[in-house]
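Single-structure report; data block below.
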Amino acid sequence: MRQKVYALIHETLAALKAAGTLKLEQVPGYTVEPPKNPAHGDWAVNVAMMLTKPEGKPPRDIANALVKGLVDREGIVAKVEVAGPGFLNITLKEQVIQEVAREVLGAGESFGRQAPKSTGKRVMVEFVSANPTGPIHIGHARGAFMGDAVSRLLEAAGHDVTREFYINDYGKQVETLGRTVYKRYLQLFGQQIELGEGEYPAEYVIDIAKTWKAEVGERYVKAPESEWMPAAIAVGIRENLKAIKATLEKASIRHDVFFSEASLHTGGKVMAVAEEYKQRGATYEAATARREGEKVRSEDSKAAQFADRQKGGTFLMTSQHGDEEDRIILRHDGTPVYLTADLAYHREKYARGYDRIIDVLGADHAGHLPRMRGGMALLGLDPKKLEFLLVQMVRITRSGEEVKVSKRKGTVFELEDLLDEVGADVCRFLFLIKTANSRFDFDLDLVQKQSKDNPVFYFQYGHARCASILKKAVEKGTPFVGLEGLTSAHLARLTLPEELAMLKKMSQLPDVVASSAERLEPHHVLYFCQELITDFHSYYTKYKTDPIISGDVEKTQGRLALVAALKQTLRSAFALLGIHAPEYMEAPPDEE
């Protein structure tokens with residue numbers, strides 16, 4: 001319906017320009033939004049206020065001209081009024097709103113989605129990117145679901161989306177993994193070897209060592225480190241990535257590309273980007289960063305902890321582009337730091353021609369943003385293309401206590417543990433229902449209750465109730481006639497304020513999806529669904545004496561069309577976020 005109103009205003013403006021009433025040398029952006037008070041109509045348009053300055057006229061004069069010259073070729077307007085400083089309050093004819101049910105059913109599973117790749121924009125979303133030194137733990141969970149949901153929404157909005165996982169398979173951590181795998185491997189041959197500080201004691205490393213032994217036998221038992229280390233690293237990363245991918249698949253999360261950090265080093269791209277900065281005059285050699293004296297570091301920060309490693313080297317002038325201080329990219333011995341590889345990686349992303357480059361990161365990476373944007377700007381690249389979605393940690397609780405350790409494994413609480421306990425749908429809902437930068441508790445006890453107190457249950461029960469009503473209509477011998485049998489006479493019986501309000505809200509799903517994708521905020525889709533479900537539960541309860549299925553055939557078919565359209569709207573919205581829409585759920589104890 002919003003698009004119909006936009007078309008109406010567009011034609012009216014064109015007519016007023018042709019008549020010489022308005023100059024319209026340029027038409028500024030204007031909004032078409034539902035008014036805060038439903039009594040003011042269906043849509044409020046602020047175009048008159050936006051035209052005040054370019055036209056040099058009072059907004060109410062412009063608004064009155066729009067009302068007088070309104071071009072309503074389709075005959076969709078019942079009433080239009082000027083309100084306040086110059087708003088146009090437009091009320092549509094009831095049949096326009098009633099036809100939303102037909103439009104939703106006609107669109108089917110595609111309702112809410114733009115045609116694939118219709119915008120012509122290419123977007124990359126990098127998310128999860130867990131170190132391949134172990135399984136995905138609960139600290140990765142929210143970012144994993146957030147990145148997946150954002151990717152799904154961007155696709156639904158018509159963008160060409162690439163989902164990418166950056167594999168940190170280079171440096172000290174993977175060397176430590178390789179050393180631990182090798183020690184476990186030797187233990188399998190009876191050697192008494194203790195793990196060192198910082199090495200990985202978990203059971204999964206023993207499993208990797210067993211797999212390696214089965215593949216290579218005794219080949220590396222007496223081999224020098226130069227031979228066993230790369231082999232141990234390779235098998236460790238391979239097996240951990242296999243486990244990571246299996247967990248992500250269990251959560252219905254996929255990636256199109258797994259990009260190796262090591263490939264940047266072996267391909268010479270890390271040192272190449274450092275050299276390019278030098279050629280651009282964006283670096284200098286010094287003992288400390290030029291602005292370091294102005295910055296007071298927290299004693300707990302990584303920069304403070306590893307300050308001894310950063311004394312002297314090549315610094316990048318990121319402070320010229322909003323960073324707190326310049327950043328070291330090459331140590332005094334000429335070796336690159338982690339930041340240098342990250343800069344090379346993002347330069348690679350730009351080279352692939354994306355219109356938007358989105359990194360989903362933990363909120364503890366906030367300090368990383370200005371140095372990355374500054375680094376791209378110093379390469380002559382547009383830093384505005386680079387976007388960051390920062391995700392706060394979530395506390396997992398049971399009986400009011402935080403859960404950090406798996407009872408079954410006695411190790412860190414993994415995402416797979418959470419999936420096994422509550423399921424992927426519950427995880428998706430709770431990790432997405434809040435803004436990414438908000439903190440909250442994930443209550444394991446609450447989300448397993450089959451009651452209205454459980455927000456996930458209440459959410460999915462709305463769709464199940466629609467399915468149950470449609471099934472009951474079949475059992476009573478009055479099945480919904482479907483899209484082909486649906487007539488305007490059936491839809492004309494949808495006259496209750498609650499029915500019209502639900503239809504108007506359903507029509508907004510495409511706008512909600514587009515807005516959520518642009519803002520990278522999936523929770524708006526969930527809020528939209530919750531409002532619709534609440535409205536429907538209220539309607540269903542209020543009119544039990546005037547039921548959906550009755551002896552009045554036309555009214556029954558009209559209301560079944562409403563239920564079917566609501567069911568499709570919820571199903572489409574759920575699918576956008578990867579949440580299942582159950583056809584049947586047991587009613588809560590306080591309901592029939």
Side-chain angles (χ1 to χ4, degrees), residues 124-127 129 164 166 168 170-172 259 261 264-265 267-352 354-391 437:
M124 181 217 263
V125 184
E126 184 218 326
F127 62 107
S129 299
E164 187 146 310
Y166 183 48
N168 298 124
Y170 186 88
K172 294 292 183 184
F259 191 98
E261 179 189 353
L264 293 169
H265 289 272
K269 293 183 178 181
V270 178
M271 296 306 294
V273 78
E275 181 60 30
E276 183 171 351
Y277 282 125
K278 287 183 181 181
Q279 294 300 319
R280 287 176 169 270
T283 63
Y284 57 88
E285 304 294 324
T288 58
R290 287 176 183 167
R291 294 187 63 185
E292 188 171 345
E294 301 171 29
K295 179 174 173 57
V296 178
R297 286 174 170 155
S298 165
E299 292 182 3
D300 298 328
S301 70
K302 288 186 177 180
Q305 292 172 29
F306 300 111
D308 59 312
R309 301 183 190 177
Q310 300 178 16
K311 292 298 182 183
T314 302
F315 287 84
L316 184 63
M317 300 176 186
T318 52
S319 64
Q320 294 182 356
H321 293 276
D323 198 0
E324 292 178 308
E325 66 179 271
D326 295 334
R327 304 292 170 175
I328 190 167
I329 57 170
L330 296 177
R331 300 182 183 91
H332 58 83
D333 62 0
T335 57
V337 299
Y338 178 79
L339 174 62
T340 320
D342 216 10
L343 291 166
Y345 174 45
H346 282 77
R347 198 202 191 308
E348 173 78 12
K349 290 182 180 181
Y350 274 84
R352 285 186 256 164
Y354 293 105
D355 298 290
R356 293 177 76 180
I357 299 167
I358 300 164
D359 290 1
V360 181
L361 302 172
D364 57 332
H365 286 72
H368 200 57
L369 278 56
R371 66 195 69 168
M372 290 307 304
R373 288 200 176 106
M376 295 303 100
L378 289 168
L379 288 170
L381 302 172
D382 181 3
K384 291 180 182 177
K385 279 190 178 183
L386 185 57
E387 302 174 54
F388 297 93
L389 180 59
L390 296 180
V391 179
N437 64 356

Please walk me through it: do His365 and Phe388 pass side chain to side chain contact (heavy atoms under 4.5 Å, CB included)? CA-CA 10 Å; His365 286 72; Phe388 297 93; over 6 Å; no
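- Atoms NE2 and OH, from His368 and Tyr338 in turn, are 6.0 Å apart once rounded to the nearest 0.5 Å.
- Remark: Ile357 CD1 to Asp355 CG distance equals 9.0 Å, nearest 0.5 Å.
- Contact annotation: the side chain of His346 never approaches that of Leu381 to less than 4.5 Å [non-hydrogen atoms, C-beta and beyond].
- Tested against Leu343 for a side-chain contact (heavy atoms from CB on, under 4.5 Å), the candidates Val270, Thr318, Ile329 yield a single pass: Ile329.
- Heavy atoms only, all atoms of each residue included: Ala341 and Glu261 are closest at CB-OE2, 3.7 Å.
- Side chains of Leu390 and Leu369 form a contact here, defined as non-hydrogen atoms less than 4.5 Å apart.
- Atoms CZ and CD, on Phe259 and Glu126 in that order, are 10.0 Å from each other to the nearest 0.5 Å.
- Residue Ala377 comes nearest to Pro383 through the heavy atom pair CB-CG, 4.2 Å, listed as atom of the first residue, atom of the second, then distance.
- Listed here is the closest heavy atom pair of Met317 and Asp326: CA-OD1, 3.2 Å.
- Remark: the Asp342 side chain and the Tyr166 side chain contain no N/O donor-acceptor pair separated by less than 3.5 Å.
- By the 30° and 60° cut-offs, the orientation of the rings of Tyr284 relative to Phe315 is parallel.
- Interatomic distance, NE2 of His265 versus CE of Met271, reported as 10.0 Å (0.5 Å rounding).
- The salt bridge (charged side-chain N to carboxylate O under 4.0 Å, His left out) pairs that include a residue from residues 359-370 are Lys349-Asp359, where partners are two or more places apart or lie in different chains.
- Counting only heavy atoms from C-beta outward, the side chains of Glu276 and Leu379 approach each other to under 4.5 Å.
- Residue Leu316 comes nearest to Gly375 through the heavy atom pair CD2-CA, 4.3 Å, listed as atom of the first residue, atom of the second, then distance.
- Considering all non-hydrogen atoms of both residues, Pro336 and Arg331 come closest at O-NH1, 2.9 Å.
- Inter-residue side-chain proximity for Arg352 and Glu164 is flagged as met; some heavy-atom pair is nearer than 4.5 Å.
- Remark: Thr283 OG1 to Ile328 CD1 distance equals 11.5 Å, nearest 0.5 Å.
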Taking it one step at a time, do Phe127 and Leu389 satisfy side chain to side chain contact (heavy atoms under 4.5 Å, CB included)? CA-CA 10 Å; Phe127 62 107; Leu389 180 59; over 6 Å; no
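- The structure places CG of Leu330 at 9.5 Å from CD of Glu275, a figure rounded to the nearest 0.5 Å.
- Within the structure, salt bridge (charged side-chain N to carboxylate O under 4.0 Å, His left out) contacts touching residues 378-389 (residues at least two apart or in different chains) are Arg356-Glu387.
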